[in-house]
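Proteins come first, then strands; the chains are lettered A, B, ... in the order of their sequence lines, and each starts at number 1. The model shown is predicted, which means the values in this text are computed figures rather than measured ones.
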There are 2 protein chains.
Amino acid sequence: MDKIRKDDPAQETGDSGFGEEELRRGMERLFFAYRDFIAQPDEILRTYGFGRAHHRVIFFVGRYPSMTVSQLLEILQITKQSLSRVLSQLIREGFVEQQQGVDDRRQRHLYLTEKGRKLEQELSADQRLRFERAFQDAGPDAVDGFMDVLQRMISRHPPLAG
Amino acid sequence: MDKIRKDDPAQETGDSGFGEEELRRGMERLFFAYRDFIAQPDEILRTYGFGRAHHRVIFFVGRYPSMTVSQLLEILQITKQSLSRVLSQLIREGFVEQQQGVDDRRQRHLYLTEKGRKLEQELSADQRLRFERAFQDAGPDAVDGFMDVLQRMISRHPPLAG
DNA sequence: AATAATATGTCAGTGTTGTTGACATATATG
DNA sequence: CATATATGTCAACAACACTGACATATTATT
């Protein structure tokens with residue numbers, strides 16, 4: 001395998017203090033981090049006959065119990081049909097359960113079952129370890145910077161607690 | 001839309017200095033950042049009849065001109081067939097061109113055409129702006145932390161220059 | 001009480017992008 | 001000459017996103 005030659009972008013904008021190269025490096029690194037972040041869960045999911053979309057549901061319902069269907073739609077930014085397919089499968093197989101709302105009985109509040117919590121732990125074990133190590137090794141200041149920059153890249157905050 | 005109630009994880013590991021909540025918040029934030037990072041390019045791609053996979057090829061070939069097919073496979077971590085479909089489409093439509101290797105004539109070195117570079121610019125305009133603003137507003141120390149943590153989350157480095 | 005809006009669920013159809021396994025060609029290496 | 005490598009291509013399949021239509025239950029409005 002030959003060494004890959006990097007492009008040397010001719011013109012720099014100069015107006016932001018961050019050059020083409022620095023931005024590209026950040027974009028690239030985000031891609032790699034995300035790619036490796038989901039690689040191991042993907043393998044586990046296949047043994048359950050699930051996909052990445054199931055993981056996202058499991059993660060967010062685990063993080064925000066009593067979340068409704070429309071809140072989940074808002075977070076995932078997918079269509080009702082895309083969510084419905086994976087969510088009803090998770091409910092059917094006993095990983096997620098619904099509870100009719102008390103204030104508004106049209107709403108379905110979502111919760112992980114015990115089985116669902118176990119799956120959540122299994123799926124996120126590698127991801128947690130990855131974050132733990134990176135956070136630990138980089139140190140608290142780096143972690144603050146990491147969280148700050150990520151937050152600023154997010155378009156609009158969904159109405160999350162905390 | 002009701003406020004979402006956040007889970008209060010019962011037990012903290014305590015052995016890493018980073019609790020369940022902090023790790024979950026990082027994982028969540030990575031998800032949102034990535035989600036918003038690819039949203040706008042996805043829209044543009046649809047007008048070309050392309051998908052996210054085309055963008056990744058355009059990005060990496062733009063960043064590492066003369067890259068070979070197997071290097072691209074290594075980076076994207078997908079199968080030859082998955083790549084072949086999008087790459088041959090990009091070549092057929094004149095966004096990417098191939099050059100037979102001189103040392104090894106089996107290799108195909110990849111380059112963006114002028115048309116390809118224009119598309120690359122169009123696709124990454126929003127992404128660049130997003131990074132520029134986040135980097136600018138968070139400041140250089142935060143950026144260093146961001147880059148450091150991301151790097152530590154990546155499994156193994158592909159043989160990239162720089 | 002009638003009407004409109006909301007929350008959810010489901011149908012059929014379509015497209016992108018990932019997978020596997022098999023096979024082919026050109027070229028390089030032993 | 002035999003084997004390995006780099007690339008390309010075929011068919012089939014699965015996951016997951018989309019659209020648009022439609023249905024039901026419930027709540028809000030007039």
Side-chain angles (χ1 to χ4, degrees), chain A residues 1-2 4 31 34-35 38-39 41-58 61 66-93 96-110, chain B residues 1-2 4 34-35 38-39 41-59 61 66-93 96-110:
Chain A
M1 176 84 67
D2 294 334
I4 300 176
F31 168 76
Y34 197 78
R35 179 199 67 179
I38 58 182
D42 275 3
E43 277 182 45
I44 300 169
L45 287 159
R46 272 193 302 121
T47 72
Y48 285 83
F50 291 158
R52 207 170 286 173
H54 298 80
H55 188 186
R56 292 196 281 261
V57 171
I58 292 275
V61 172
S66 86
M67 167 180 262
T68 67
V69 172
S70 42
Q71 288 170 332
L72 197 44
L73 283 173
E74 176 66 22
I75 281 185
L76 299 178
Q77 298 272 282
I78 57 176
T79 58
K80 203 165 40 163
Q81 170 68 340
S82 295
L83 175 59
S84 182
R85 203 175 329 120
V86 298
L87 181 57
S88 50
Q89 198 180 348
L90 286 170
I91 292 168
R92 209 180 317 118
E93 303 187 19
V96 173
E97 59 187 2
Q98 292 182 322
Q99 256 186 31
Q100 197 174 44
V102 268
D103 293 358
D104 187 334
R105 287 183 302 177
R106 291 171 302 179
Q107 296 181 336
R108 303 299 133 109
H109 295 278
L110 304 172
Chain B
M1 176 82 69
D2 295 333
I4 299 176
Y34 197 79
R35 180 200 66 179
I38 58 181
D42 275 4
E43 278 183 44
I44 300 170
L45 287 160
R46 273 193 301 121
T47 73
Y48 286 83
F50 292 158
R52 207 168 287 174
H54 298 82
H55 188 187
R56 292 197 281 260
V57 170
I58 292 274
F59 174 79
V61 172
S66 85
M67 167 180 262
T68 68
V69 172
S70 43
Q71 288 171 332
L72 197 45
L73 283 172
E74 176 65 20
I75 281 183
L76 299 178
Q77 298 270 283
I78 57 175
T79 58
K80 204 165 41 163
Q81 171 67 339
S82 295
L83 174 59
S84 183
R85 210 174 5 214
V86 299
L87 181 56
S88 50
Q89 198 180 348
L90 287 170
I91 291 168
R92 209 181 317 118
E93 302 188 21
V96 172
E97 59 187 2
Q98 292 181 323
Q99 256 186 31
Q100 197 174 44
V102 268
D103 293 357
D104 187 335
R105 288 183 303 177
R106 290 171 303 181
Q107 295 182 335
R108 302 301 133 108
H109 294 277
L110 303 171

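Dashed line: the shortest gap from a side-chain N or O of A:T79 to OP1 or OP2 of D:dC18 is under 4.0 Å. Within the 4.0 Å cut-off from OP1 or OP2 of D:dT7, at least one side-chain nitrogen or oxygen of B:S70 is found. Applying the 4.0 Å criterion to OP1 and OP2 of C:dG9, one finds that A:S84 has every side-chain N and O outside that range. Regarding contacts with the backbone of C:dT8, every side-chain N or O of A:Q98 stays at 4.0 angstrom or more from both OP1 and OP2. In terms of phosphate contacts, A:S82 brings a side-chain nitrogen or oxygen within less than 4.0 Å of OP1 or OP2 of D:dC18.
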(message) Before you tell me yes or no, could you show the steps for B:L110 and B:Q98 under side chain to side chain contact (heavy atoms under 4.5 Å, CB included), namely the whole-Å CA-CA distance, both residues' side-chain angles and the distance that decides it to 0.1 Å?
(response) CA-CA 5 Å; B:L110 303 171; B:Q98 292 181 323; 3.6 Å; yes
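Taking both residues in full, the closest heavy atoms of B:H109 and B:G101 are given as CD2-CA, 3.4 Å, listed atom of the first, atom of the second, then distance. Pairing each heavy atom of A:R35 with each of B:L76, the nearest pair is CD-O, 4.3 Å. Residues A:G51 and A:L45 share a closest heavy-atom pair of O-CD1, 3.4 Å.
Within the 4.0 angstrom heavy-atom criterion, only backbone atoms of the sugar-phosphate kind lie near A:H54; the bases stay farther away. Using a 4.0 Å heavy-atom cutoff across all strands shown, A:R56 reaches sugar-phosphate atoms only and no base atom. Residue contacts shown for A:Q89 are absent, as no nucleic acid heavy atom lies under 4.0 Å away. Looking at heavy-atom distances under 4.0 Å, A:R52 makes contact with sugar-phosphate atoms alone, never a base.
Axis angle across the helix from C:dA1-D:dT30 to C:dG30-D:dC1, with five pairs used at each end and values rounded to 10°: 30°.
With hydrogens and angles ignored, no donor-acceptor pair under 3.5 angstrom links the side chain of B:R46 to the base of D:dA17.
Nucleotide D:dT7 holds its P atom 8 Å from the CD atom of B:Q71, rounded to whole Å. Per the geometry, CG belonging to A:L87 stands 9 Å off P belonging to C:dT10, to the nearest Å. Rounding to whole angstrom units, CD1 of residue B:I78 and C1' of C:dT16 are separated by 12 Å. B:L83 has its CG atom 11 Å from the P atom of C:dT19, to the nearest Å. A:D42 has its CG atom 13 Å from the C1' atom of D:dA14, to the nearest Å. Taking atom CG of residue A:L72 and atom C1' of nucleotide D:dC16, one finds them 15 Å apart after rounding to whole Å. B:Q81 places its CD atom 9 Å from the C1' atom of D:dA11, with the value rounded to the nearest Å. Nucleotide D:dC16 holds its P atom 11 Å from the CD1 atom of A:I38, rounded to whole Å.
To the nearest 0.5 angstrom, A:H54 atom NE2 is 13.0 Å from A:Y48 atom OH.
Between A:L87 and A:V61 the shortest side-chain heavy-atom distance does not fall below 4.5 Å. A:I4 has its side chain within reach of B:I75: a pair of non-hydrogen atoms, C-beta onward, lies under 4.5 Å apart. Side-chain contact check for B:I38 versus A:F31: every heavy-atom pair is 4.5 Å or farther apart.
Note on residues 41-59 of chain B: pairs passing salt bridge (Lys or Arg N to Asp or Glu O under 4.0 Å), not counting sequence neighbours, are B:D42-B:R52.
Put simply, the side chain of B:Q100 gets close to the backbone of B:R105: a donor and an acceptor are under 3.5 Å apart.
Along DNA chain D, the nucleotide nearest A:F50 and the nucleotide nearest B:L73 are compared for position; the residue whose nucleotide lies closer to the 5' end is B:L73.
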(request) List the protein contact pattern of nucleotides 23-30 of chain D with one symbol per nucleotide (5' to 3'): B for base contact, S for sugar-phosphate-only contact, - for none; contact means a heavy-atom distance under 4.0 Å. (result) --BBS---
